[in-house]
Amino acid sequence: MPRRILLIAVVLLWSAARSRAADSKVVVELFTSQGCSSCPPADALLSELARDPHIIPLAFHVDYWDHLGWRDPFSSHQWSERQVAYVRAMNLDSAYTPQAIVNGERQMVGSDRRALTDAIARASRERRDASVTLDNGVARGSAPRALDLFAVVVKSGATTAVKSGENSGRTLRNDAVVRELKRIARVNGTFSNAVGPANVVFLQDPTTLRIYAAATR
């Protein structure tokens with residue numbers, strides 16, 4: 001192959017790789033609670049990460065702090081169960097808050113900026129063999145193997161005056177709060193599924209819990 005043609009081919013491949021990296025989304029799940037005094041710094045970091053268009057933040061408020069002085073109005077036992085599923089998949093000793101999970105496969109303390117940004121950078125460089133888009137309540141894409149399609153309703157800008165518990169007297173702001181999480185279908189190959197009012201969708205391996213693709217509207 002002539003040198004000029006080879007150079008053009010390399011440039012095109014490099015450009016395509018950069019384009020795929022730019023389009024890829026990294027999902028950051030934060031397991032948190034308004035009853036946890038260590039959580040507000042992690043909540044603030046998640047709000048900061050939400051400004052990056054390549055990051056999809058999801059704040060899951062667990063319920064196991066609710067009996068320790070303050071009932072988090074955004075808490076759900078479903079979110080606690082999701083965290084426990086990660087504990088099992090990653091062979092961790094126990095669940096804790098604040099805990100961040102990046103693309104369903106790397107975990108760290110949610111307020112550890114360096115560890116979190118390093119994990120996000122690593123995830124953004126990884127090759128993706130699945131894709132998903134979200135438009136007008138329909139998720140479309142391609143899955144190279146059997147993956148679960150999830151739809152999420154997320155709300156931001158919530159403020160709460162905490163009246164008891166470890167954060168008593170503080171007014172907390174919470175962004176990217178997960179209000180609904182539904183498994184829509186198990187997909188394999190090309191798919192098109194109605195997901196309703198969701199503003200986030202993602203594809204997750206049902207066994208390893210790795211997230212292969214995600215999108216927002």
Side-chain angles (χ1 to χ4, degrees), residues 24-126 150 152 154-160 162 164-179 181 200 202 204-205 208-212 214:
S24 65
K25 305 287 187 181
V26 177
V27 177
V28 178
E29 299 175 61
L30 177 66
F31 292 92
T32 184
S33 172
Q34 290 184 353
C36 160
S37 61
S38 300
C39 287
D43 297 330
L45 179 55
L46 193 74
S47 296
E48 183 181 328
L49 293 173
R51 303 184 194 126
D52 188 327
H54 303 304
I55 296 174
I56 298 178
L58 300 174
F60 290 94
H61 289 235
V62 298
D63 70 341
Y64 49 82
W65 278 91
D66 286 357
H67 66 285
L68 298 175
W70 174 254
R71 186 187 181 284
D72 188 329
F74 304 120
S75 66
S76 170
H77 188 62
Q78 183 184 355
W79 313 154
S80 299
E81 290 178 337
R82 181 169 177 82
Q83 186 181 25
V84 168
Y86 278 124
V87 168
R88 291 170 178 162
M90 297 181 178
N91 294 316
L92 304 177
D93 291 334
S94 65
Y96 65 91
T97 56
Q99 182 186 32
I101 307 286
V102 176
N103 270 4
E105 59 181 346
R106 298 182 181 91
Q107 71 87 31
M108 68 288 300
V109 175
S111 55
D112 188 336
R113 179 183 296 270
R114 175 174 291 183
L116 188 51
T117 54
D118 285 351
I120 291 170
R122 181 175 174 183
S124 67
R125 293 192 298 266
E126 291 176 342
F150 283 94
V152 195
V154 179
K155 295 186 178 180
S156 292
T159 58
T160 306
V162 180
S164 59
E166 292 190 0
N167 289 310
S168 179
R170 301 183 64 176
T171 297
L172 302 181
R173 176 188 171 94
N174 294 116
D175 291 314
V177 178
V178 176
R179 304 302 288 145
L181 173 71
V200 173
F202 60 85
Q204 186 166 37
D205 189 294
T208 67
L209 303 187
R210 179 185 178 188
I211 293 175
Y212 280 83

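All of these numbers come straight from a predicted model, not from anything done at the bench.
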With D66 via salt bridge (charged side-chain N to carboxylate O under 4.0 Å, His left out) - residues at least two apart: none
Whether S164 side chain and G69 backbone form a donor-acceptor pair below 3.5 Å: yes
Between Q34 and D43, a side-chain donor and acceptor under 3.5 Å: no
Gap separating the CG atom of L209 from the CG atom of N103, nearest 0.5 angstrom: 12.5 Å
In residues 88-96, what donor-acceptor pairs under 3.5 Å come from side-chain atoms, sequence neighbours left out?
unit_1, atom_1, unit_2, atom_2, d
Y96, OH, Q107, OE1, 2.6
Y96, OH, M108, O, 3.3

Nearest-0.5 Å distance, CG of residue N174 to OG of residue S33: 9.5 Å
Test item: side-chain donor near acceptor, Q99 and Y86, under 3.5 Å: no
N167 side-chain N/O to R170 backbone N/O, donor-acceptor pair under 3.5 Å: no
Qualifying salt bridge (charged side-chain N to carboxylate O under 4.0 Å, His left out) pairs, either residue in residues 94-109, two or more places apart: E105-R210, R106-E126
pair I120-L49: side-chain heavy atoms closer than 4.5 Å: yes
Point-to-point distance, once rounded to the nearest 0.5 Å, from SG of C36 to CZ of F31: 14.0 Å
Under the ring-ring contact (aromatic ring centres under 6.0 Å, His included) test, residues paired with F150 that sit two or more places apart: F202
Heavy-atom donor-acceptor pair, T208 side chain to D205 backbone, under 3.5 Å: no
Qualifying residues under side chain to side chain contact (heavy atoms under 4.5 Å, CB included), relative to S80, sequence neighbours excluded: V62, D63, Y64, H77
Validation row: D175, P57 side chains within 4.5 angstrom (heavy atoms): no
From F60 atom CZ to L181 atom CG, the distance as rounded to the nearest 0.5 Å: 5.0 Å
side-chain hydrogen bond (donor to acceptor under 3.5 Å, both in side chains): pairs with one or both residues in residues 111-120, sequence neighbours excluded: E48-R113
